[in-house]
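All remarks here apply to the structure that follows.
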Amino acid sequence: MNVACVGAGPAGLFFSILMKERDSAHEITVLERSQAGVTQGWGVVFWDDLLDEVRAVDPETASAIAKHAFRWSGERLLVADHDPVVLGVPGYAIGRRRLLDLLLERARSLGVRIRFEAEVAHPADLHDADLIAVCDGANSRLRHVLRAPLGTRVHTGSNKYVWLGTTKVFDDFTFAFVETSAGWIWCHAYCFDGETSTFIVECSTPTWSMLGFDRVGEGETLARLEGLFESHLEGHPLRADAGTRWRSFRTITNESWQHANVVLLGDAAHTTHFTIGSGTKLALEDAIALTEVQDGRPLRSALEDYERQRKAALRPWQTDARFSARWFEDVPRYAELDPTRFFGLMHERRSPLLPRCPPRLYYGLHRATHDVAALRQLRRWAAPKIKALC
Ligand SMILES: Cc1cc2nc3c(=O)[nH]c(=O)nc-3n(C[C@H](O)[C@H](O)[C@H](O)COP(=O)(O)OP(=O)(O)OC[C@H]3O[C@@H](n4cnc5c(N)ncnc54)[C@H](O)[C@@H]3O)c2cc1C
């Protein structure tokens, strides 16, 4: 089979690896618009479940990721001048550049052809391909061309965020909330390589414009953020990479994930808000599923099966992501609580009950039960009823 993967992100590279492993006779080319070594974004988080899934299909890639991952030890919440609240929930992070280099090396070693500075504008440019795997990310150009048959929908979140890096090593996954005269602004910060940390800053759009971020360039933005987060950065600078700017998160869904011989994977097919830290995992899972459905039967039925399976698997993540994004859009609703309650409810942010229940009452219930399973049961029971009312 002649396969063209558009985009050398996690979805495109991992799909090329798995297809080549499955059958070395496949002709596989990955086409990437950027130059080699250029990517956007800093570190991404993941947990053991991702390593397990990758290990099951490609142990070599799993051990390379594990070897280069940074293990953060817990979560830390800092609200204004209050004492920190710490929770011992560990996880991993890896630099996006490092992850892509590992996948590139693996793909090349298996005989995948990689072409950089090869932007694809239209599926017709790839007329020789039996299968076109569209892995060109959230702003997918190919998906845009096919938006009518694919039924693409975009929902834009109301907060602003910017994805930065810093040399300050945050050993814990740190949420620091700073109160300004214009409202709350906060960071999600974690180390990903022992030397560098991701530093995502988020706030409401009114706060963003009242702080003047709609009117200043990159240098001034970094300087103002360094000032606002001075006590957390302890003198370390913030860094931006090429193309960094404030954005509003775009949640992408598609009614159909395939059209003729074109199929969507990763962010091109679906995005989930960054506050659930799962986009890379879901992109890799798409690659695994799309490889596994191709067991010699006609392409059409394989693609339909892939779409069915992945849509079902995605649904709970998309719901979680929607409620998580909403929690961060409602920060003033929770920020008046003491930090322990605030953190407790941040951990409950995927709950469909929480936005409909007074925060203190919800927290009281949470504490009273002392039994997370019971609350989950209540949530499972109530969620469909609440959704039906929405
Ligand atoms: C602020 C932020 C934080 C995040 N944090 C996490 C996290 O902690 N954990 C996690 O799992 N996920 C995280 N994510 C999500 C994660 O980055 C994405 O879900 C993941 O990168 C999707 O992989 P992909 O391969 O589908 O797309 P991408 O990684 O976006 O790759 C797409 C590739 O296609 C290329 N391309 C684009 N257009 C074309 C074209 N026309 N022709 C050729 N090439 C093209 C691009 O240059 C790019 O290399 C975060 C996202 C954001 C915005």
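Indexing begins at 1, ligand by ligand and atom by atom, following the structure's order.
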| message | Under a 3.5 Å distance rule, please check whether S197 uses its side chain to pair with a backbone N or O of F199 as donor and acceptor. | response | no
| request: Would you check whether R96 reaches within less than 4.0 Å of ligand 1, judged by its heavy atoms? | output: yes
| query | Does R360 reach the main-chain N or O of L337 with its side chain, forming a donor-acceptor pair under 3.5 Å? | reply | no
| task | Identify which one of H232, E234, H236 satisfies the side chain to side chain donor-acceptor pair (under 3.5 Å) criterion when paired with K168. | result | E234
| said: Tell me the protein heavy atom at minimum distance from atom 31 (O) of ligand 1, and give that distance in Å. | reply: G9 CA, 3.4 Å
| message | Does the residue G41 have a heavy-atom contact with ligand 1, meaning some pair of atoms that are separated by less than 4.0 Å? | response | no
| Hey, are R22 and E292 close enough for a salt bridge, meaning a charged N less than 4.0 Å from a carboxylate O? | no
| field | Test salt bridge (charged side-chain N to carboxylate O under 4.0 Å, His left out) applied to D286 and K311, R310, K281, the passing residue | value | R310
| query | Nearest heavy atom to atom 12 (N) of ligand 1: which of T280, T198, L99, L282 does it belong to? | reply | T280
| Under 3.5 Å donor-acceptor, S324 side chain and D320 backbone | no
| field | Location of contacts on K281 toward ligand 1, heavy atoms closer than 4.0 Å | value | backbone
| In terms of the angle between their ring planes, are F173 and W72 parallel, tilted or perpendicular, with boundaries placed at 30° and 60°? | perpendicular
| query | Which of the numbered atoms in ligand 1 are below 4.0 angstrom from a heavy atom of G137? | reply | 27 (O), 30 (O), 32 (C)
| field | Full working for salt bridge (Lys or Arg N to Asp or Glu O under 4.0 Å) between E21 and R106 | value | CA-CA 10 Å; E21 274 183 336; R106 178 90 178 117; 2.5 Å; yes
| note | closest protein heavy atom to atom 39 (C) of ligand 1 is D136 CB, 3.5 Å
| remark: Numbered in order shown, the ligand 1 atoms found under 4.0 Å of a heavy atom of A118 are 43 (C)
| request: Measure up the F213 and W246 rings against each other and bin them: parallel (under 30°), tilted (30 to 60°), perpendicular (over 60°). | output: tilted
| note | Within 4.0 Å of some non-hydrogen atom of S34, the atoms of ligand 1 are 47 (O)
| task | Would you tell me which option among T39, V120, I276 has the nearest heavy-atom contact to atom 42 (N) of ligand 1? | result | V120
| task | Taking only heavy atoms of Y161 into account, list the atoms of ligand 1 that are under 4.0 Å away from them. | result | 1 (C), 53 (C)
| request: Could you list the atoms of ligand 1 found under 4.0 angstrom from a heavy atom of C135? | output: 32 (C), 33 (C), 34 (O)
| From the candidates S278, A11, G91, A93, the one that places a heavy atom nearest atom 25 (O) of ligand 1 | A11
| remark: Nearest non-hydrogen protein atom to atom 8 (O) of ligand 1, with distance, is V45 N, 2.7 Å
| message | Show the atoms of ligand 1 that are less than 4.0 angstrom away from any heavy atom in V6. | response | 42 (N), 43 (C)
| Is the closest heavy atom of F173 to ligand 1 under 4.0 Å? | no
| message | I want to know if ligand 1 touches A138 in the polar sense, i.e. an N/O pair below 3.5 angstrom. | response | no
| task | Determine the sole option in F343, W186, W327 for which the ring pair (Phe, Tyr, Trp, His ring centres under 6.0 Å) test with Y334 is passed. | result | W327
